[in-house]
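Here's the structure, in structure tokens; my notes come after.
Every heavy atom of this structure was used, including side-chain atoms; hydrogens, water molecules and symmetry mates were not.
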2 protein chains.
Amino acid sequence: MSEEAPNLLLSERIRIALADEITTGQLAPGSALDEQQIGDRFGASRTPVREAIRQLSAVGLVEMRPRRGAVVSGVSTQRIIDMFEMSAEIEAMCVRLATYRMNPVERSRLAQLHEDSEAMVAAGDIDAYDRMNWDFHQTIYEGTHNAFIAEQALGLRDRMAAFRRTQLRGGGRPAKSRAEHGELLAAIMRGDGEEAARCMRSHMFNASLALERFTAGR
Amino acid sequence: MSEEAPNLLLSERIRIALADEITTGQLAPGSALDEQQIGDRFGASRTPVREAIRQLSAVGLVEMRPRRGAVVSGVSTQRIIDMFEMSAEIEAMCVRLATYRMNPVERSRLAQLHEDSEAMVAAGDIDAYDRMNWDFHQTIYEGTHNAFIAEQALGLRDRMAAFRRTQLRGGGRPAKSRAEHGELLAAIMRGDGEEAARCMRSHMFNASLALERFTAGR
DNA sequence: TGCGGTTCTAGTGTATGCAAGAAGTGGGAA
DNA sequence: TTCCCACTTCTTGCATACACTAGAACCGCA
């Protein structure tokens, strides 16, 4: 996990490390990012740290206020809701396009992923299911045959990783999630893009509901 | 146009200026961005220039290759097509949501904009129509009542400004554009979100066709 | 004791210097 | 003549130093 990768630019390594800490929640929203301190932690000067922070702010993971430093984006509840809706709409858009455009190889890959997931649900292997889920959605992105859309969808998904990571922990959620994937897949195989989009919207809606319920005790 | 704005951060001013030059085409795609040279041009050192370039790369206006400098994003034809499709889908998504969520005030503002545009088309005032067009679409973004979606849509529109700016110059395009707005508006007023989305897709498709035709002589 | 202004300080914004890597250049060998 | 390799130069990546500003702490005054 913590490989050296000395070939990468120092600023890039810092950016990746920080992004990771933010999305995993190690760096809580609202935390101030002290350039000097971070630099010390990575054995680097402030310059590469600044560049990393600039990048993160562009992705929306941190917020910068001139001369007042950067803080980890403390997204409001409303904003999280907004982001979830956007995410659901984008996913729906992707699956609609993908339904019309995926070739047989891509379709079968999607079906295979769904097939494989049955064992994971049965075994209760949430991590494996999570990885499969990621692949499942990514396969759909690529199925749009539109590199730009795929990038954007993936980017948004990354940004939401911080909120999504716990959503599968809810009781029985993996089984329900798999069932929803099943319906989705059926619509895709039938070539009904609009229906697939509807399935995806409700799939994402259910996922967000599960998350909401899980984090209700904050 | 070239106001001082000394209150802004130097790096911000450079970023804005460069973004402007890129989107207006002054800096052609593929141009290399020499940090020293740009710094001299703005009377600044390389540091703020670097920060500006980092920001631009995050927005996608320039591409950075480690130790090889940054060049203005020479987007391939395929990528432009991909971006147009994404743009069309996002706009369609927005108008569908907006149809269900806009309040009477927002609806009437949209109608008013459409009303006003008649005179612009008649007078052949393309710049005024362009501004109205911008407002028209932005009103729809805001009509989604989802700040995140509105931001993203606006951001994408900004990124595409470089390609869009000439599209209205095609013969008779403003009149056709206005007619399409009319149909769109009717669907919105009727409360038919799906139909509004379809109208928007075809509107965007026509706009891209017009652009393609216009730039065919390259 | 409360309030306004002043000073202090921590931390960002910018400049500059140095080192390392990548493209271009020239010469030598096949 | 062409290909390969060392060398040069140019540009970026990083470190360090200085400047400036926003808050905090402080102090004097009412």
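In this structure, A:Gln36 atom CD and D:dA17 atom P are separated by 11 Å, rounded to whole Å. A straight line from CZ of A:Arg46 to P of D:dC14 spans 15 Å, rounded to a whole angstrom. As a whole-Å value, the separation of B:Glu35 CD from D:dC10 C1' is 12 Å. The nearest whole Å value for the distance from the CD atom in A:Glu12 to the P atom in D:dG13 is 9 Å. One interatomic measurement links the two molecules: CG of B:Asp40 to P of D:dC10, which rounds to 15 Å at whole-angstrom precision. To the nearest angstrom, C1' of C:dA15 lies 17 Å from CZ of B:Phe42. If you measure from atom CZ of A:Arg13 to atom C1' of D:dG13, you get 12 Å, rounded to the nearest angstrom. The CZ atom of B:Arg65 sits 18 Å away from the P atom of C:dG21 (whole-angstrom rounding).
A salt bridge is absent between B:Arg15 and B:Glu51; no separation between the charged side-chain nitrogens and carboxylate oxygens falls under 4.0 Å.
No contact: B:Ile14 has no heavy atom under 4.0 Å from any strand. B:Ile53 comes within contact range of no nucleotide atom at all, as no heavy-atom separation falls under 4.0 Å.
Atom NE2 of A:His114 is separated from atom CG of A:Leu184 by 9.5 Å, given to the nearest 0.5 angstrom.
Side-chain proximity of A:Arg67 to C:dA15, D:dC14, D:dT21: nearest is D:dT21.
Residue B:Ser11 places at least one side-chain N or O under 4.0 Å from the OP1 or OP2 atom of C:dT14. At least one side-chain nitrogen or oxygen of B:Ser45 sits closer than 4.0 Å to the OP1 or OP2 atom of C:dA15. OP1 or OP2 of D:dG13 has at least one side-chain nitrogen or oxygen of B:Arg50 nearer than 4.0 Å.
Annotation: of the two residues near DNA chain D, A:Glu51 and A:Arg68, the 5′-most nearest-nucleotide partner is A:Glu51.
The closest side-chain heavy-atom distance from A:Glu180 to A:Met200 is not below 4.5 Å. The shortest side-chain heavy-atom distance between B:Leu113 and B:Asn133 does not fall under the 4.5 Å cut-off.
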Trace of the side chain to side chain donor-acceptor pair (under 3.5 Å) decision for A:His145 with A:Glu106: CA-CA 11 Å; A:His145 289 221; A:Glu106 291 166 328; 2.8 Å; yes
